[in-house]
Amino acid sequence: MYPFTYHRAESATDAVRALNAPSAAALGGGTDLLVAMKEEIARPDVLVDLRRLPGARDIALHNDGSARIGCAVRLSELAAHAGIADRFAALAQAAAAVGTPQLRTMGTIGGNLAQRPRCWYFRSGLPCFKNGGTDCLAERGENHYHALFTDGTCHAVHPSDPLVALTVLEATVEITGLAGARILSLDALFSRAAHDARSELTLAPGDYISAVLLPASAGGGEQFYEKLMQRGAWDFATVSLAAHRRTDGAVRIALGGVSLGPCRVNSSVEEDVATGGLDDDSIDALAERVMYDARPLDHNGYKVWQAQALLRRAMRRLDPR
Amino acid sequence: MRFTVNGSPRDVDPARSPTLLAALRDQLGITGPKLSCDHGECGACTVRLDGELVYACLSLTAACEGTQVQTVEGLANGNALHPLQESFITHDAAQCGFCTPGQLLAAATLLEQKPHPTDDEIRAAMSGNLCRCGTYPKIIAAIRAVADGAGGAP
Amino acid sequence: MSEKRKGKHTTKRGRFVQTVVEVEGRTETRVVELPAFEPPPWTAATPLTIVGTSPLRVDAAEKVTGRARYTADIVRPGMLHAVIVRAPLAKGTVTAMDLDAARAMPGVRAVMGTGDAPAATRLFRRDISYAGQPLAAVCAESLDAAECAARVLATSLRVDAAPHAVIVDDAIAPDAPLVRKDGNTTAPDVVERGDVARGLAAAEVTITREYRTPVALHSALEPHGAVCEWNGEHLTVWESTQGIFRVRSDVAKALTVPQAKVRVLKDYMGGGFGAKNGAGAHTYTAALFARQLGAPVRCINDRRAEQTDSGNRPATVQKVTIAARRDGTLTALVLDALIPLGISGWEGGPAQIFHELYACPNVRTTEICVYINASGMQAFRGPGYVEGAFALEGAMNALARALQIDPVALRLKNLATRDERANREFSGNRLDECYTEGMRRFGWTSTVHRPPPTVTRVKHGIGVAAQTWPTGGGPPSYADVRINSDGSVDVLAGTQDLGTGARTILAQIAAEALGARLDTVRAVIGDTERLPYTGNSWGSMTTPSVGPAVRMAAEEAKARLLEAAAQMLDAPVESLSTNDSQVLLDSVVALSFSDLCRKLGNVHIVGHGSRGPNPELAIVTVGAQFAEVEVDPETGVVRVLRVVAVHDAGRIINPALAESQLHGGIIQGIGYALFEERHIDRARGVTLNANLHDYKIPTMADVPAIDASFLDGADPAANHIGARGIAEPPIIPTAPAIAAAVADAIGVEVCEIPLTPWRVLTALAQ
């Protein structure tokens with residue numbers, strides 16, 4: 001690894017100041033950042049450890065049903081937290097589906113959202129778009145694990161499991177930066193993911209994800225996360241799905257492993273599922289409609305089938321009747 | 001920088017060894033944790049940090065100041081082996097032995113959290129430690145025996 | 001009996017004879033020295049008390065405490081660290097590299113580039129013929145400093161790229177770039193017995209399939225590595241290797257040093273699986289820097305180098321035609337195989353099992369090796385047979401389905417009763433019993449006339465496949481057994497324990513032959529300077545090769561001990577025997593080994609043993625495996641639920657350790673069947689998944705219930721300990737058994753492994 005200095009942030013102000021340096025990187029569990037540094041796709045001069053920030057390790061369940069999860073809450077804590085499992089089961093299940101016990105013990109929710117794509121062209125240091133090149137090398141290469149949907153050049157997928165659950169829960173993120181704290185939607189956070197070579201997040205210098213916020217509407221109802229992998233453990237999802245039938249009857253469904261950011265399904269499909277009473281033919285038709293805009297590459301067409309399978313199952317499970 | 005390794009205070013220079021794995025192996029000569037993938041993809045470097053299971057290859061040395069680190073060398077109590085070590089021996093749960101230090105720490109952590117795991121819970125808890133020799137069935141049996149109170153008996 | 005066979009088989013010139021030795025499925029003719037005597041074979045009826053039992057692995061305590069020292073754990077005073085800079089593309093020429101910039105980096109002690117290594121090492125050449133090829137190396141005071149300088153070198157590298165071919169289709173295309181000067185393919189290797197045309201004409205059913213197998217990577221958790229240290233003209237090499245003597249001869253030759261001045265040591269190693277059979281770039285790099293700098297040097301592959309340039313099981317494309325009568329009798333087997341070896345390698349091709357597993361009168365195999373711009377192959381557990389079994393057993397299962405014959409019944413009908421390839425009898429082959437015992441343990445119900453697949457979400461299926469593998473071992477292998485002045489025993493053999501348990505079983509064999517207590521016997525292995533020669537630990541041959549030499553050495557030591565005891569007890573030697581480290585006179589304890597040896601003082605009681613030539617028999621380990629899987633036909637995800645394996649390997653020295661070997665082979669076979677596959681970018685020629693996440697080896701969550709066993713018995717015709725090899729056989733039938741179970745579950749054959757979701761779903765969609 002290239003030499004770097006380590007800075008343990010003691011306060012939000014301290015963290016922002018340190019992260020405002022030209023080549024600073026926020027450190028959570030390090031399970032992605034250190035790998036990226038060893039692979040030389042990241043070369044920070046200073047690592048700003050956010051894990052000791054006041055409140056960063058707190059899970060706050062508010063009386064109004066909303067919740068605030070500090071950026072340094074670890075995935076193992078999310079998975080094991082009774083309140084989270086009770087109110088936000090999809091998130092607990094997604095956190096439990098990450099990697100391995102060690103990775104869950106180390107990894108933080110903030111770091112999980114900020115991790116870089118696992119595309120093997122990018123990670124091999126080849127001159128792809130994310131490594132400063134002009135083209136996506138996976139587009140016509142070995143793209144078994146790549147995206148079905150992209151609005152930019154890059155065809156990588158976001159590796160996060162929790163992101164998929166947070167998407168259906170309509171979570172937002174609290175960003176702390178030079179101008180203080182602000183709230184961003186996940187869509188806004190990832191809006192330039194496939195366009196920006198440097199990062200998947202729309203963050204300015206000094207910014208860091210300080211918390212994940214769950215609205216009251218995210219609590220309860222029927223919610224779950226399902227992940228498809230080749231191996232029984234350790235793998236990133238080939239395709240995953242999170243779904244939520246809210247207590248007000250509304251339905252939210254999102255897919256993972258298919259794009260470089262949050263991937264909610266078409267809201268008209270969610271409405272049809274919320275209405276319920278779907279027979280097998282309409283379920284098939286809806287699953288096909290969700291994937292209508294998918295643009296499979298040479299080797300990842302199977303993900304369309306996998307996504308449709310997860311969608312069909314979710315629709316049956318969410319049917320109110 | 002000072003931390004505690006297997007109960008003894010130790011000093012290391014984080015600038016020389018950015019990762020905990022390098023600090024343990026290269027500065028302290030503690031070679032139970034192995035360097036195999038260096039990317040958190042195999043588990044051979046598994047140690048316990050303040051009682052929790054981590055990959056030493058992805059743990060930043062500088063962030064470990066003041067922590068308690070346990071490696072396989074600290075599992076036995078003097079000459080008395082940990083029951084899992086005894087059980088690994090009697091169940092032939094180490095072939096080449098390269099992954100064994102990490103497997104043992106993962107198993108010890110599991111049994112502290114869940115003294116009576118099901119086989120599926122063992123599989124899940126141990127899934128972050130690869131074994132290329134394929135010793136898994138005997139590792140499960142060794143853990144099972146300790147959990148069932150059979151100790152080192154096969 | 002065995003003498004007579006030997007007479008037929010060997011050409012005797014005094015004490016030396018020519019004999020045929022089988023290694024990794026290849027036969028070699030060698031001249032070997034006849035042993036001074038051969039003890040009478042241990043038959044199935046011989047009462048043995050230590051061999052055949054399961055004492056604990058003798059080095060288990062070292063392994064569970066972290067005391068076991070592997071190559072990367074070796075630290076020498078003043079040790080330096082070397083890092084190899086590797087080619088970033090698959091073909092081209094190095095035009096520039098700034099070695100001086102690297103030399104100027106902090107902590108750097110030396111740099112080697114083009115032309116700086118002896119030609120025999122094949123290191124640091126200007127011409128690049130695969131990505132990952134060593135181009136230069138840096139030696140520095142710390143690994144970090146060496147890596148930093150290596151990055152500077154890599155950045156300064158300028159290369160003229162040339163067209164490459166990294167997949168078989170590109171290498172055999174009409175306008176293919178030349179991979180090697182002598183062409184991209186080898187001449188077809190055609191082996192035929194009988195009359196295939198007639199066999200095909202006589203068939204009532206003919207099935208043709210094309211099978212494809214992937215490039216698989218050994219992925220030992222301990223990467224290749226060496227620590228080298230010169231003391232004057234003497235070189236010591238600590239190496240993670242399956243063959244200390246092979247490393248010694250490789251290094252001596254490449255560095256033009258006498259073998260007598262090279263010492264290779266190997267204590268513990270973290271797996272080999274066939275990839276660690278000699279010296280490599282890391283060894284030469286460490287040795288050259290160490291000589292130049294007068295300091296010890298360590299050079300260990302990082303994971304990317306390990307997954308890119310340390311050997312692999314080559315891919316195959318196998319077109320199989322299988323022809324039979326309606327009753328299942330095979331009439332012809334035809335294989336046309338392409339084997340993309342990489343830039344180099346030998347033909348561990350898939351053909352041989354086609355000639356050996358079944359009693360088919362008409363067999364023709366054609367193998368063409370193809371060179372591609374990728375790192376060369378190395379033997380990988382069951383080389384050739386693993387790939388061949390996937391195709392042959394896949395075709396057998398397809399034939400069974402076509403004929404509506406139970407796949408076990410089909411196999412039993414065509415069971416080989418002798419080795420038709422080499423026209424020899426078997427020393428022992430109880431494959432029929434493996435099938436019947438396996439069926440019983442599995443609860444096998446015929447896959448014929450089963451109800452059609454149900455509409456439940458997850459589908460279950462069962463499958464079977466079989467294996468054969470030459471496991472005779474052979475000479476030369478030597479061992480000494482030395483009885484110390486306290487009666488304890490050293491077994492000295494220059495072999496190596498890969499994690500197989502060789503240390504344990506060699507001690508068991510010696511203790512048994514000597515009549516010594518096992519806890520007084522220690523096997524000393526892994527040192528070329530102090531120990532007698534044995535061959536590499538490959539080809540499942542350590543037990544059948546070294547085991548008899550150890551037994552013979554122990555028998556000779558025992559004879560000498562008893563001669564001394566006869567003097568001491570004033571009794572005829574014929575009346576003496578040994579048991580439990582005691583000398584018995586007319587079956588009554590007369591003297592303990594320790595008392596006897598103490599009285600002898602430092603009189604050296606040593607026995608020498610050597611491995612004699614093989615009989616003119618086919619010596620094979622065989623077995624059958626049964627698998628049950630669950631397939632989700634909507635997602636393409638396959639899970640193996642259970643595997644039953646029954647193998648026949650003659651005598652099992654230590655059942656617990658042997659069972660561990662079966663587990664290991666089966667679990668690697670599951671990886672080969674479901675997950676493992678090198679992905680290489682066709683355009684850039686670079687391996688994309690040179691890590692342990694994207695190259696997927698099984699985790700504990702992927703391991704099914706495994707019931708693995710050996711038939712009881714012994715094979716005294718194979719060698720005088722009655723044991724054949726066991727390490728490689730269990731990986732051979734696993735993938736085809738799983739593939740058969742998947743076909744049974746979903747009603748569609750998937751003829752390419754690994755059985756990934758995309759392959760399963762694509763097959764289902766067609």
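Residue numbers start from 1 in every chain, and the chains themselves are labelled A, B, ... in the order their sequence lines are given, proteins ahead of strands.
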Check: So, for C:Ala701 and A:Ala233, which heavy atoms are closest and what is the spacing to 0.1 Å?
Finding: CB-CB, 4.0 Å

Next item on the list: Mind ranking C:Asp702, C:Val686, C:Ile697, C:Thr699 by heavy-atom pairs under 4.5 Å with chain A and telling me who comes out on top?
Entry: C:Asp702

Next item on the list: Using non-hydrogen atoms and a 4.5 Å limit, figure out which bit of C:Asn691 sits close to chain A: side chain, backbone, both or neither.
Entry: neither

Note to self: As an exercise, state the distance from CZ of A:Arg123 to CZ of C:Arg304, rounded to the nearest 0.5 Å.
What the structure shows: 11.0 Å

Notebook entry, point to check: C:Leu764 versus chain A, heavy atoms under 4.5 Å apart: side chain, backbone, both or neither?
Noted result: neither

Next item on the list: Pick one of side chain, backbone, both or neither for A:Asp235, based on which atoms fall under 4.5 Å of a heavy atom in chain C.
Entry: both

Item checked: Euclidean distance, A:Gln230 CD relative to C:Lys696 NZ, rounded to 0.5 Å -> 5.5 Å

Notebook entry, point to check: Which distance, rounded to the nearest 0.5 Å, do you find between the CG of A:Leu310 and the OG1 of C:Thr635?
Noted result: 7.5 Å

Note to self: A quick test of your reading: do over 12 heavy atoms of other residues, nucleotides or ligands sit less than 6.0 Å from CZ of A:Arg316?
What the structure shows: yes

Checklist line | Heavy-atom proximity to chain C below 4.5 Å, by part of A:Gln308 | finding: neither

Margin query: Using ring centroids (six-membered ring only for Trp), state whether A:His299 and C:Trp758 fall under 6.0 Å.
Written below: no

Notebook entry, point to check: Are any of the side-chain heavy atoms of A:Met1 and C:Glu147 separated by less than 4.5 Å?
Noted result: no

Check: Do you know which two heavy atoms are closest between C:Asp681 and A:Gly141, and how far apart they sit?
Finding: OD1-CA, 4.1 Å

Notebook entry, point to check: Do the side chains of C:Leu688 and A:Leu126 get nearer than 4.5 Å, heavy atoms only?
Noted result: yes

Next item on the list: Identify the heavy atoms of A:Trp305 and C:Thr762 that sit nearest to each other, and give their distance.
Entry: CZ3-N, 3.9 Å

Item checked: Any A:Lys303 side-chain heavy atom under 4.5 Å of C:Pro757 side chain -> no

Note to self: With rounding to the nearest 0.5 angstrom, report the CZ to CZ distance, C:Arg457 to A:Arg313.
What the structure shows: 3.5 Å

Check: Hey, are C:Asp302 and A:Lys38 close enough for a salt bridge, meaning a charged N less than 4.0 Å from a carboxylate O?
Finding: no

Notebook entry, point to check: Can you find a pair of side-chain heavy atoms, one from A:Arg231 and one from C:Pro698, that are under 4.5 Å apart?
Noted result: no

Check: Among C:Thr687, C:Asp632, C:Val760, who wins on heavy-atom pairs under 4.5 Å with chain A?
Finding: C:Asp632

Notebook entry, point to check: Can you find a heavy atom in the side chain of C:Arg684 that is under 4.5 Å from one in the side chain of A:Leu137?
Noted result: yes

Notebook entry, point to check: Side chain, backbone, both or neither: which part of C:Ala765 has a heavy atom under 4.5 Å from chain A?
Noted result: side chain

Item checked: Given A:Trp234, A:Phe236, A:Tyr145, the one that forms ring pair (Phe, Tyr, Trp, His ring centres under 6.0 Å) with C:His693 -> A:Phe236

Next item on the list: Go through A:Ala309, A:Ala307, A:Ser124 and name the one with the most non-hydrogen pairs under 4.5 angstrom from chain C.
Entry: A:Ser124

Next item on the list: Nearest 0.5 Å please: distance from the OG1 atom of C:Thr756 over to the NE2 atom of A:His144.
Entry: 7.0 Å

Item checked: Evaluation steps, salt bridge (charged side-chain N to carboxylate O under 4.0 Å, His left out), between A:Arg312 and C:Glu634 -> CA-CA 10 Å; A:Arg312 288 193 297 268; C:Glu634 290 190 317; 3.0 Å; yes

Check: Can you tell me how far the CG atom of C:Leu761 sits from the OH atom of A:Tyr302, to the nearest 0.5 Å?
Finding: 9.0 Å

Next item on the list: Apply the test side chain to side chain contact (heavy atoms under 4.5 Å, CB included) to residues A:Met229 and C:Val637: give CA-CA distance (whole Å), side-chain angles for both, the deciding distance (0.1 Å), then the verdict.
Entry: CA-CA 8 Å; A:Met229 308 181 272; C:Val637 175; over 6 Å; no

